[in-house]
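One structure is given below, encoded as structure tokens.
All ligand and atom numbering here is 1-based and tracks the order in the structure. No experiment lies behind these values; they were computed from the predicted model shown.
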Amino acid sequence: MTGRPRPDRSRWYGRRRGHKLGKGRQYLLDTLLPRLRLLPPEDGLLDLYSIFPKPPEDIWLEVGFGGGEHLAAQARAYPGIGFIGCEPFVNGVAALLARIEGEGISNIRIYDDDARLLFDCLPVACFGRVFILFSDPWPKKRHHRRRFIGSETLGDLARLMKDGAEVRFASDDEDYVAWTLEHFIRHSCFAWTARRPHDWRRRPHNGFETRYEIKALARGAACIYLCFIRRSRR
Ligand SMILES: C[S@@+](CC[C@H](N)C(=O)[O-])C[C@H]1O[C@@H](n2cnc3c(N)ncnc32)[C@H](O)[C@@H]1O
């Protein structure tokens, strides 16, 4: 792979591979992924509006798309939007590729690594919406610094999001929800949109379920949905 040398990967603690892939999925990784993969340029910034077949109305990001159920559903529902999906777990990437091919989806591009490595190569105010759904909660206290949500990531999101853009976060882990609320509320660039409990107890009306959400609901866990708006820069 060519492109900008990748920064230190030591911050990544998740799994990169699961069970051995079948021939079909491996074939998609070898043939379709190279056509859809985002490569950070050697110099300068990535122009996200030029990487889709036609210039999108807006660009939305999903961090940690897992098997891609939610990302594919959003891409089908909003064909005018360009979607960037970040996921370092190869089996998840292969599952998304199968959906893209099977459903003829043309408005998704993939960064198959830690989303934070992509952030440095992106222009200011490029995203109109960001999804962070059932992000790994890293429940042990000594592992909290591995969480995707943190002051550094929020600084990146504040830079990359347009004024008025939304971050949608969901989790069934109470402690991670409290941690996330605390980080966003403390950050001067974001405002929590909830007005009443209904707003955090129900999935947003134009959201789609994810695999982890289905599993959490099936075992009787409560899922919490948080939405934050990027405040205006003026
Ligand atoms: C618990 S799974 C949830 C997957 C999916 N969002 C769902 O709800 O079914 C979290 C996913 O986030 C991915 N992930 C964790 N940290 C990430 C990061 N820094 N950049 C991109 N993906 C990340 C993991 O590889 C994993 O697939």
Side-chain angles (χ1 to χ4, degrees), residues 6-19 21 25 29 33 36-40 46 59-75 83-100 108-122 127 129-140 143-157 160-161 167-177 179-180 183 203-204 207-219 221-227:
R6 292 188 168 185
D8 178 16
R9 288 171 182 243
S10 58
R11 290 192 302 169
W12 169 255
Y13 298 96
R15 280 197 306 168
R16 285 210 179 253
R17 283 192 175 270
H19 60 79
L21 291 169
R25 298 253 165 133
L29 282 174
L33 181 58
L36 302 183
R37 177 186 267 145
L38 276 185
L39 282 180
L46 258 176
I59 312 261
W60 295 359
L61 168 74
E62 180 163 352
V63 175
F65 58 71
E69 306 80 8
H70 172 269
L71 184 54
Q74 289 283 351
F83 287 85
I84 306 295
C86 299
E87 178 55 71
F89 184 52
V90 175
N91 302 58
V93 172
L96 174 65
L97 290 171
R99 289 176 204 281
I100 290 176
I108 296 180
R109 294 294 175 272
I110 299 171
Y111 184 64
D112 54 330
D113 210 332
D114 181 340
R116 294 168 296 188
L117 302 180
L118 182 65
F119 290 168
D120 287 345
C121 321
L122 297 178
F127 293 126
R129 190 165 293 176
V130 176
F131 301 98
I132 306 168
L133 306 174
F134 299 85
S135 170
D136 300 302
W138 294 108
K140 290 183 183 150
H143 290 157
H144 283 180
R145 64 198 162 80
R146 298 180 179 183
R147 289 173 165 174
F148 184 77
I149 301 295
S151 335
E152 204 180 321
T153 313
L154 260 60
D156 287 330
L157 292 178
L160 296 175
M161 291 175 64
V167 184
R168 291 191 185 177
F169 173 93
S171 179
D172 61 327
D173 186 285
E174 262 180 45
D175 184 67
Y176 194 20
V177 168
W179 163 284
T180 299
H183 276 81
R203 188 187 321 122
F208 298 94
E209 60 191 8
T210 80
R211 187 184 301 177
Y212 271 73
E213 181 180 12
I214 294 168
K215 283 203 264 181
L217 293 172
R219 61 169 191 274
C223 295
I224 302 290
Y225 306 90
L226 303 178
C227 178

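With a 4.5 Å cut-off on side-chain heavy atoms, Arg219 and Asp172 count as touching. Between Leu97 and Leu29 there is a side-chain heavy-atom pair separated by less than 4.5 Å. Under the 4.5 Å side-chain criterion, counting only non-hydrogen atoms from C-beta, Phe131 is in contact with Gln74. For the pair Leu46 and Leu118, the minimum side-chain heavy-atom distance is below 4.5 Å.
Every residue meeting the side-chain contact (heavy atoms from CB on, under 4.5 Å) condition with Tyr212, not counting sequence neighbours, appears here in chain and number order: Phe134, Thr210, Lys215. Partners of Ala73 by side-chain contact (heavy atoms from CB on, under 4.5 Å), not counting sequence neighbours, listed by chain and number: Arg76, Phe208.
Ranking protein heavy atoms by distance to atom 7 (C) of ligand 1, first place goes to Thr210 OG1, 3.3 Å. Given atom 20 (N) of ligand 1, the protein heavy atom at minimum distance is Ala115 N, 2.9 Å. Here the heavy atom of the protein found nearest to atom 26 (C) of ligand 1 is Glu87 OE1, 3.6 Å. Nearest protein neighbour of atom 3 (C) of ligand 1, counting heavy atoms only, is Phe134 O, 3.2 Å. Ranking protein heavy atoms by distance to atom 12 (O) of ligand 1, first place goes to Gly64 CA, 3.3 Å. Looking only at protein heavy atoms, the nearest one to atom 17 (C) of ligand 1 is Trp12 CZ3, 3.3 Å. Among protein heavy atoms, atom 15 (C) of ligand 1 sits closest to Asp136 OD2, 3.3 Å.
Contact atoms of ligand 1 toward Leu133: 3 (C), 5 (C), 6 (N), 8 (O) (distance under 4.0 Å to a heavy atom of the residue). Those atoms of ligand 1 that come under 4.0 Å of a heavy atom in Phe148, given as number and element, are 19 (N). Atoms of ligand 1 lying under 4.0 Å from at least one heavy atom of Arg211, given by number and element, are 9 (O).
The residues Arg146 and Asp136 are annotated as not salt-bridged, no charged nitrogen and carboxylate oxygen being separated by less than 4.0 angstrom. Taking a cutoff of 4.0 Å between a charged side-chain nitrogen and a carboxylate oxygen, Arg203 and Glu213 qualify as a salt bridge.
Considering backbone and side-chain atoms alike, Tyr212 places an N or O below 3.5 Å from some N or O of ligand 1. Polar contact check, Asp114 against ligand 1: a nitrogen or oxygen pair lies under 3.5 Å apart.
Taking the ring centre of Trp138 as origin, the terminal cationic atom of Arg147 falls outside the region bounded by 6.0 Å and 45° from the ring axis.
Not close to ligand 1: Gly92, with no non-hydrogen atom less than 4.0 angstrom away. Heavy atoms of Pro88 come nearer than 4.0 angstrom to ligand 1 in at least one pair.
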